[in-house]
Asks: 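Provided herewith is a single structure, encoded as structure tokens, for subsequent inquiry.
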Amino acid sequence: MKAFPEKYQRPETEKECRRRWAADDAFKWDPSLPPASDYVIDTPPPTVSGTLHVGHVYSYTQADIIARYFRMSGRNVLYPIGWDDNGLPTERLVEKVKKVRGRDMNRAEFVRLCREVIPTYEAQFRDLFSRLALSVDWSREYQTISDESRTVSQLSFLDLYRKGLLERRLEPTLWDPVDRTSIAQAEVDEIERQGKLNTVAFGLEGGGEVLIATTRPELIGACSALMIHRDHPRASELIGKRAISPLYNVLVPIVADDKADPEKGTGIVMCCTFGDVTDVQWWRDHKLPLRIIIDKTGRLNADIPIGSTDWPSTDVASAKATVEALKGLPVEKARAAMLQLLSERGLLRGQQPTNQVIPVAERSGAPLEIIVTPQWFIRTLDFKAEILAKGKEIVWRPDYMRQRFESWVEGLKWDWSISRQRHFGVPLPVWYSKRRGEEGKILVASADQLPVDPTADLPQGYSAEEVEREADVMDTWATSSVSPQLVTRTINEDYGLDLPVHRRLFPMAMRPQAHEIIRTWAFYTIVKALHHQATIPWRNICISGWCLASDGAKMSKSKGNVIDPIKLLDENGTDVVRYWTGTSRLGNDTVLSPNTLNQGKRLVTKLWNAARLAHLSLQNAEISPTTPAQDVRGGVIVHPLDQWLLGCLADTVGKATESFEAYEYADALRGIEDFFWRIYCDNYLELVKSRTRFEGKPAAAQLSALHTLYHATTTVIRLFSPFLPYVCETLNDLFAREGSAKTVHGRGNWPKLADQADAGLNRELGETVLEIIGGVRKVKSELGVSLRAPVSSLVITSEPSRQNSGEPGALLAPVLGDLKDVAMAQELRFAAAAPEGWAGTLTANQELRVSLTIDTAALEKAKAGG
RNA sequence: GGGCACUUAGCUCAGCGGUAGAGCACUGCUUUCACACGGCAGGGGUCACAGGUUCAAAUCCUGUAGUGCCCACCA
């Protein structure tokens with residue numbers, strides 16, 4: 001064995017471990033092993049859009065703990081890593097860093113800038129993940145914007161298009177007027193703000209008026225109907241009549257619909273194309289005309305065909321004046337202007353403040369508009385039942401996270417829009433024909449020409465003049481939703497680069513991810529697997545919670561409670577930080593608590609020192625340990641306390657294994673820690689010291705102790721190693737015999753239950769010994785003397801009720817020497833009753849005499865039974 | 001408005017039908033002999049509240065309140 005260093009040199013050791021893991025290819029998937037042992041992880045490719053977050057540390061470490069366990073347990077783990085580097089977040093980052101605006105540049109130039117900026121940020125993530133000791137296979141690193149990823153993503157497009165699951169449709173879409181792109185339902189956030197509910201008077205055809213309430217008066221021009229509930233007092237009077245919109249004088253039908261709440265506002269609401277999602281539904285249900293007055297930048301149009309046949313006005317001239325007054329104004333300003341105009345004419349009849357929750361774009365924060373543009377949609381609404389069924393086939397960890405998925409699917413209102421009017425993404429692989437006779441025909445790229453950029457390439461058999469080029473790109477989720485397929489490089493039986501590998505690896509074993517992207521990443525990945533192969537993408541999904549600041553609040557820049565993960569690692573060391581993540585189970589949010597970090601620090605130090613003690617005894621010993629089970633059976637480990645310790649260890653191994661198999665790594669950690677501190681360090685090491693180190697002990701007892709020490713220490717190191725990879729790797733190496741410098745994290749290196757001694761071996765004896773040790777410690781503590789203070793006489797008696805059933809000394813005979821040593825007792829004897837006048841505990845002059853009464857019932861029973 | 005989770009010692013959490021647990025913090029003691037980044041002992045909780053089931057409830061059921069999240073509505 002190597003010499004044991006005085007102190008644990010953390011930064012150097014961490015580096016050395018990483019070097020060795022890389023040199024040994026320790027974390028590579030081995031294709032030559034039988035497929036049944038495969039354990040494939042669908043690692044989240046982090047969005048490379050800026051700052052590292054402690055949340056990354058938290059969730060990626062949890063996944064790694066699981067990965068390390070499964071690898072050690074013998075699975076052939078494939079743990080890939082990639083970077084999601086395209087899409088809106090990256091564009092915004094590049095715009096910030098380079099101080100440019102993507103929309104003012106041509107695509108090629110902007111993409112060049114993106115590719116220039118990305119590597120710096122990827123390097124930061126690579127550095128963090130590597131320091132975290134993620135046991136990923138770095139040789140499989142990929143980018144979602146690489147040629148290969150673009151090919152796979154476009155293959156996914158081809159397959160869905162061919163199956164009719166992906167369509168180009170001209171229809172209302174959620175629109176971000178700041179980023180000027182269509183977005184998906186999943187990218188919608190909400191903000192709360194103060195708004196005003198305005199009561200506005202509409203005229204009635206043939207005289208009279210009707211009052212409506214609206215928070216968006218600037219959309220009066222887009223009004224295509226008024227909606228009223230059947231139970232509204234004026235329902236019978238109004239339904240079927242036509243109203244005249246103020247300022248535009250457009251004739252709009254008054255329509256009955258039960259979604260109009262008679263209690264809200266005036267009970268009569270205008271339907272505009274489009275103010276919100278309900279408008280879209282009304283527009284569809286009642287086949288209302290489309291009246292668009294807002295453009296893609298969120299401003300009011302100048303060109304509004306009022307007066308045309310499907311946009312009739314009773315006073316076209318004043319309508320045009322209104323259009324003229326509002327043209328080019330952004331919605332907020334148009335709203336103010338409109339209210340001004342209404343109030344000048346006495347048409348604004350009331351105003352009351354109201355708390356509004358309005359939908360905004362997640363990325364830009366801009367209030368959304370709903371705009372009619374041609375976009376590409378993946379069909380989801382027609383497949384809710386199938387998607388839900390697939391969700392039920394997957395094991396959600398924790399199980400309740402499935403509910404979030406299900407309520408999201410049940411609440412879907414839009415198909416999945418994947419086209420984005422942006423630059424840096426995977427291009428939609430299509431053109432539109434301009435050939436005579438097939439104008440507008442969609443020309444899809446062929447599989448063999450991928451990856452394709454329609455703005456640069458052409459469809460086979462067409463000239464540049466014959467096509468209109470699709471300039472949109474896919475949303476980043478359209479690509480990251482095939483993250484498993486990016487790894488297998490194959491979509492399904494028909495499309496791909498490596499079908500045999502895909503057949504072997506897909507569906508995968510496990511997806512780790514955070515809960516806030518269940519509605520996006522988890523959902524989209526499930527949809528893609530369903531559409532491509534009618535299957536689930538993975539058998540398990542592990543949902544991690546959030547990391548909160550130490551005050552329990554969400555970390556955010558504005559609160560100034562953000563912690564830099566690199567600093568956290570510098571200050572504490574990776575193992576300590578990983579310990580903290582390991583104490584929190586899947587799905588639970590956690591606070592970054594100094595207490596827990598401190599606990600981890602203590603553990604690492606204690607582990608180091610306990611190993612050092614064992615090492616001191618073992619380094620010059622000539623022993624050849626086999627397994628705990630064999631050494632007990634083979635008569636090498638003969639001492640009852642050694643057997644007891646190994647029995648406890650077996651129990652710990654069994655429980656930890658069981659917990660890990662259920663993905664309850666936090667339970668496993670707790671059990672391992674419990675054994676390590678309470679049984680192993682606090683008691684066993686104290687008990688065994690004399691037998692290993694003092695002269696004059698029987699050789700058999702010493703050999704027994706040394707073997708036990710070796711087994712217990714090396715097993716504990718392996719048990720802790722998924723959590724504390726660096727210190728465990730280092731310690732494991734120090735105990736390695738010459739020429740066997742295998743990593744502790746190697747496949748199959750998890751302690752096997754079959755190799756352990758019998759669980760619970762000599763349990764009663766061990767517990768009785770602990771009771772005696774505890775009793776002596778308590779006496780010494782209460783008397784305020786050192787634990788090392790010698791005891792002149794230690795007398796042990798049984799509980800009064802047991803006193804007739806025999807001498808406890810006979811039962812404890814084999815461990816008397818150990819008890820004497822650990823208690824520092826010069827004399828140890830058993831008595832039927834406590835000696836007269838001792839009264840349990842006492843001191844006399846310099847002498848410490850201790851009398852303990854213990855319950856030996858269990859011990860006797862065990863003796864009798866065994 | 002619907003759903004989910006949580007509410008246990010000052011703090012962070014475990015326990016989930018059978019005498020209240022851990023770590024940190026607190027108090028006292030303890031330092032040649034692995035570790036003072038240690039050890040030992042101790043104080044501290046009517047397990048959110050109210051009902052119910054049970055021989056027995058922190059644990060199961062019902063309801064209430066608070067916290068967080070998800071979803072929906074938002075004229």
Asks: Specify the separation, in whole Å, of atom CG of A:Leu592 and atom P of B:C13.
Replies: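 The distance from CG of A:Leu592 to P of B:C13 comes to 12 Å, rounded to the nearest Å.
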
Asks: Centroid-to-centroid, A:Trp580 to A:Tyr58, below 6.0 Å?
Replies: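 Distance test on ring centres: under 6.0 Å, yes.
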
Asks: Any sub-3.5 Å donor-acceptor pair from A:Asp279's side-chain atoms to A:Thr273's backbone N or O?
Replies: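 No; judged by distance alone, with no hydrogens or angles, the pair does not exist.
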
Asks: Under a 4.5 Å cut-off applied to non-hydrogen side-chain atoms, are A:Ser584 and A:Gln62 in contact?
Replies: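 Yes. Closest side-chain heavy atoms under 4.5 Å.
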
Asks: Side-chain contact test, heavy atoms from C-beta onward, threshold under 4.5 Å: evaluate it for A:Leu592 versus A:Ile563 and give yes or no.
Replies: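 When only atoms from C-beta onward are counted, A:Ile563 and A:Leu592 do touch, with a gap below 4.5 Å.
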
Asks: Is there a donor-acceptor contact under 3.5 Å linking the side chains of A:Thr713 and A:Tyr680?
Replies: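 Per modelled atom types, A:Thr713 and A:Tyr680 side chains form a pair under 3.5 Å.
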
Asks: Is the phosphate of B:A36, meaning OP1 or OP2, less than 4.0 Å from a side-chain N or O of A:Asn609?
Replies: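 No, because none of the side-chain N or O atoms of A:Asn609 sits under 4.0 Å from OP1 or OP2 of B:A36.
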
Asks: Separation of A:Lys778 atom NZ from B:A41 atom C1', in whole Å?
Replies: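 Rounded to whole Å, this separation is 8 Å.
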
Asks: For A:His515 and B:G68, give me the distance from atom NE2 to atom P, rounded to whole Å.
Replies: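 Atom-to-atom, A:His515 to B:G68, this comes out as 14 Å.
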
Asks: Assess whether a salt bridge exists between A:Asp651 and A:Lys655, defined as any Lys/Arg side-chain N lying under 4.0 Å from an Asp/Glu carboxylate O.
Replies: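 Answer for the salt bridge query: yes.
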
Asks: Any Lys/Arg nitrogen of A:Arg230 or A:Asp258 sitting under 4.0 Å from an Asp/Glu carboxylate oxygen of the other?
Replies: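 So A:Arg230 pairs with A:Asp258 through a salt bridge.
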
Asks: Please determine whether any donor N or O and acceptor N or O are separated by less than 3.5 Å between the side chain of A:Thr605 and the base of B:C37.
Replies: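 Check passes, donor-acceptor contact within cut-off.
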
Asks: Could you label the plane-to-plane angle of the A:Phe405 and A:Trp396 rings as parallel, tilted or perpendicular, counting under 30° as parallel and over 60° as perpendicular?
Replies: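 Tilted.
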
Asks: Determine, for nucleotides 21-26 of chain B in 5'-to-3' order, which nucleotides have protein heavy atoms under 4.0 Å from the base (write B), from only the sugar-phosphate (write S), or from neither (write -).
Replies: -SBB--

Asks: Whole-Å distance between B:G1 P and A:Lys264 NZ?
Replies: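 The distance from NZ of A:Lys264 to P of B:G1 comes to 12 Å, rounded to the nearest Å.
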
Asks: Hey, is A:Arg193 close enough to A:Glu332 for a salt bridge, meaning N to O under 4.0 Å?
Replies: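 Judged by the 4.0 Å cut-off on N to carboxylate O distance, A:Arg193 and A:Glu332 do form a salt bridge.
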
Asks: If a pair means Watson-Crick or G-U wobble with both distances below 3.5 Å, what does RNA chain B look like in dot-bracket form, with | marking bases paired to a different strand?
Replies: ((((((((.[[[[.)..(..]]]].(((((.......))))).....[[[[[..)....]]]]])))))))....

Asks: A:Lys655 has an atom NZ; how far is it from atom P of B:G15, in whole Å?
Replies: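 Atom-to-atom, A:Lys655 to B:G15, this comes out as 14 Å.
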
Asks: B:C29, OP1 or OP2 - any side-chain N/O from A:Lys780 closer than 4.0 Å?
Replies: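 No, no such contact exists.
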
Asks: Atom CD of A:Glu362 and atom C1' of B:C71: how far apart are they, to the nearest Å?
Replies: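 Spelled out: CD on A:Glu362 to C1' on B:C71 is 15 Å.
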
Asks: Expressed in angstrom and rounded to an integer, what is the separation of A:Met401 atom CE from B:C69 atom P?
Replies: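 For the pair A:Met401 CE and B:C69 P, the rounded distance is 13 Å.
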
Asks: Do the side chains of A:Arg777 and A:Glu686 get close enough for a salt bridge, i.e. N-O under 4.0 angstrom?
Replies: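 Salt bridge flag = no for A:Glu686 with A:Arg777.
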
Asks: Which residues within residues 209-217 of chain A lie with some heavy atom under 4.0 Å of an atom in RNA chain B?
Replies: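 Nucleic-acid contacts, sorted: A:Ala213, A:Thr214, A:Thr215.
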
Asks: Can you tell me if A:Ser781 touches the phosphate of B:G42, counting only side-chain N or O atoms and a distance under 4.0 Å to OP1 or OP2?
Replies: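 A:Ser781 to B:G42 OP1/OP2: no side-chain N or O under 4.0 Å.
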
Asks: Between atom CZ in A:Phe523 and atom P in B:C71, what is the gap in whole Å?
Replies: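 These atoms are roughly 12 Å apart.
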
Asks: In terms of side-chain heavy atoms, does A:Asp257 have a donor or acceptor partner in A:Trp282 at a distance below 3.5 Å?
Replies: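 Yes.
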
